[in-house]
Amino acid sequence: MCGILGLMTRREVGADLVEGLLALQHRGQDSAGVLTSDGTFHLKKGNGTVGSVFNEKNLSRLTGRAGIGHVLYPACGPGSAEDAQPFYVNHPFGIAMAHNGNVTNYYDLRRELMSKDFRQLTSFSDVESILNVFAEELDRTNLGRFSPASVFRAVRGVFDRAQGAYSVVGLIHGRGLFAFRDPYGVRPLAFAQGRGEAAFASESVAFDRLGFHKFTDVKAGEAVFVDFAGKVYRRQVKPGTPRPCIFEFVYIARPDSVIDGIDVYEARLRLGASLAAEVARQGVKPDIIVPVPDTARPAASALSKTLGIELREGLIKNRYIARTFIMHGQQRRILSVRQKLNPVRSQVKDKAVMLVDDSIVRGTTSREIVQMVRDGGASKVFLAITAPPLRYPCVYGIDMMTRGEFAAKDRTAEEVRRFVGADALVYQTYEGVSTAVRGDSDVPGFCKACFDGKYPTGVARRYLVRMERERRRWTM
Ligand code: SF4
């Protein structure tokens with residue numbers, strides 16, 4: 001997963017882009033980058049968090065009133081310094097780009113682009129392939145006269161040639177800012193405007209930090225172009241079949257964001273209420289409810305309220321340790337769990353504790369937490385999960401690429417319970433997760449492929465096999 005940002009204002013944007021990226025930091029901590037334009041492109045990017053990449057000195061070089069920014073968690077490629085975004089090409093016009101997602105025909109596109117003498121790709125980042133396809137299409141279709149329509153034609157070319165999920169922000173030298181979202185709208189993208197200023201962001205929380213009060217979602221299959229005079233052009237480039245990622249609402253997004261008209265915090269409350277019904281149906285009777293900080297906290301509070309069982313903060317988080325799911329390497333993750341969480345003995349001792357967490361990926365983190373609470377003196381430890389079992393790899397940019405990694409891959413719920421060492425394990429149902437997340441929104445459907453294996457875009461088996469092999473190589 002990654003976070004993207006685009007900004008055009010009436011003042012210098014460098015510091016604001018960094019500010020906005022800080023609000024999106026949870027979406028990626030491997031690298032950060034900002035590119036601004038004042039007639040010349042200015043780029044600073046590097047490995048690490050936003051706070052470690054940017055300083056007063058390099059910020060002073062990021063001049064201009066328009067720019068794009070990115071935080072990266074690598075889903076395609078080894079995540080080396082070369083993969084940090086944004087990227088740019090000089091021809092035509094000078095185009096810069098950053099994205100969130102994953103192109104599932106990346107290897108074919110890369111081979112096709114590299115077979116042309118004038119296209120050289122310098123990284124394993126799939127945004128470079130989107131950028132070069134976009135540049136080719138813009139060069140071919142602008143017919144020597146730039147117009148917003150030529151941007152839309154180039155986006156159409158990207159939609160026709162790049163498969164997978166991608167939300168994109170970009171900048172065309174001397175022309176304007178643009179953004180588009182793939183025809184399934186899997187990864188989020190929102191657009192805000194006001195006072196002749198405009199912004200694009202993966203999550204609306206970035207707009208709060210930048211002072212934009214009104215925003216809309218970029219629709220599945222839609223492109224938006226804002227020229228440097230502030231005029232906005234929007235076009236439905238290809239009919240959309242919206243299938244936003246349901247895991248954004250379960251785990252990825254910040255609870256203070258609104259995505260596709262769905263308030264993430266409210267969705268998590270509904271997930272908790274829905275899970276409570278399943279806990280009651282299975283007859284599991286805890287003394288207290290304990291959220292696994294932080295993502296599951298709203299769901300735990302709704303579960304507690306629905307069941308009439310007291311909520312206690314039985315696990316305390318060391319907030320200076322990074323998110324475990326986002327860290328690479330099994331040993332690092334296990335060590336980090338123990339560094340990150342500690343039980344409150346006075347709250348869990350001699351109690352039947354129901355831990356509420358958002359998901360079980362590999363199962364090793366859950367096992368550590370269950371054992372930690374048992375070591376803290378709990379008489380029983382139950383585990384309630386706000387999502388259904390994760391069983392299939394995500395090919396759309398979330399780092400759980402290989403099927404072999406999932407605790408629930410070939411296990412029943414009972415076998416997963418034994419694996420994590422809990423006294424009971426209650427998963428959210430498949431129906432429950434969709435109904436709870438949708439609420440009263442008009443989202444017609446979600447991508448739930450990591451739960452049910454149904455990929456909205458379809459995905460070639462040879463791609464899954466290759467990803468599995470590549471990922472094993474990167475994580476060795
Ligand atoms: S497979 Fe899962 S994590 Fe990936 S986009 Fe679909 S719902 Fe989201």
Side-chain angles (χ1 to χ4, degrees), residues 1-4 26-28 72-76 99-106 126 162-168 181-189 202-203 217-218 220-221 240-254 257 259-260 262 264 267-268 271 295-296 323-326 357-362 385-409 427-438 441 443-461 463-464 467-468 471:
M1 73 187 128
C2 296
I4 57 174
H26 61 289
R27 300 185 69 87
L72 174 112
Y73 182 80
C76 172
H99 93 319
N100 172 207
N102 196 45
V103 175
T104 55
N105 62 336
Y106 166 72
D126 48 351
Q163 295 157 14
Y166 42 87
S167 286
V168 170
R181 194 173 176 189
D182 75 81
Y184 291 91
V186 176
R187 302 259 68 91
L189 184 60
S202 294
E203 289 183 38
D217 294 287
V218 176
T241 309
R243 292 289 179 272
C245 165
I246 207 160
F247 209 53
E248 290 278 350
F249 302 93
V250 170
Y251 170 78
I252 299 167
R254 270 177 57 156
S257 283
I259 296 174
D260 290 314
I262 300 172
V264 177
R268 288 182 187 160
L271 283 168
T295 319
R323 234 173 168 180
T324 53
F325 175 76
I326 215 167
D357 206 351
D358 48 72
S359 51
I360 299 177
V361 184
R362 299 159 187 87
I385 303 296
T386 66
L390 285 166
R391 292 206 164 99
Y392 299 89
C394 176
V395 297
Y396 302 131
I398 305 302
D399 177 38
M400 40 188 190
M401 287 287 206
T402 69
R403 190 161 139 68
E405 289 177 337
F406 295 110
K409 183 191 74 163
Y427 276 113
Q428 182 81 255
T429 63
Y430 289 101
E431 302 72 35
V433 71
S434 299
T435 308
V437 170
R438 180 179 291 112
S441 77
V443 174
F446 295 95
C447 175
K448 295 181 286 176
C450 46
F451 304 132
D452 61 16
K454 293 176 186 157
Y455 297 95
T457 63
V459 59
R461 190 175 145 63
Y463 177 77
L464 289 171
M467 282 314 307
E468 188 121 4
R471 189 179 146 75

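When reading the values below, keep in mind they use all heavy atoms of this one structure, side chains included, and skip hydrogens, waters and symmetry mates. Just follow the structure's listing: the first ligand is 1, and inside any ligand the first atom is 1.
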Quick check against the 3.5 Å criterion: does [X] have a side-chain atom that pairs as donor or acceptor with the backbone of [Y]?
X: Ser202; Y: Ile4; answer: yes
X: Asp182; Y: Tyr166; answer: yes
X: Glu248; Y: Ile259; answer: no

Query raised in the report: Taking only residues two or more places apart in sequence or in another chain, which ones pass salt bridge (Lys or Arg N to Asp or Glu O under 4.0 Å) with Asp217?
Result: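 For Asp217, no residue satisfies salt bridge (Lys or Arg N to Asp or Glu O under 4.0 Å) once neighbours in sequence are set aside.
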Considering the heavy atoms of [X], write down every atom of ligand 1 situated less than 4.0 Å from one of them.
X: Ile246; answer: 7 (S)
X: Tyr396; answer: 5 (S)
X: Arg187; answer: 5 (S)
X: Val186; answer: 5 (S)
X: Cys245; answer: 3 (S), 5 (S), 7 (S), 8 (Fe)

Query raised in the report: Does any N, O or S atom in Cys447 come within less than 2.8 Å of atom 2 (Fe) of ligand 1?
Result: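 Given the 2.8 Å cut-off, Cys447 does not count as a ligand of atom 2 (Fe) of ligand 1.
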Report task. Go through the steps for Gln163 and Val395 under the test side-chain contact (heavy atoms from CB on, under 4.5 Å), then give the verdict. Result -> CA-CA 11 Å; Gln163 295 157 14; Val395 297; over 6 Å; no
**Report entry** Whether Cys394 has an N, O or S atom under 2.8 Å from atom 4 (Fe) of ligand 1
**Finding:**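 True for Cys394.
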Report task. Check side chain to side chain donor-acceptor pair (under 3.5 Å) between Arg438 and all other residues, then give those that pass, not counting sequence neighbours. Result ->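 Not a single residue meets the side chain to side chain donor-acceptor pair (under 3.5 Å) criterion with Arg438.
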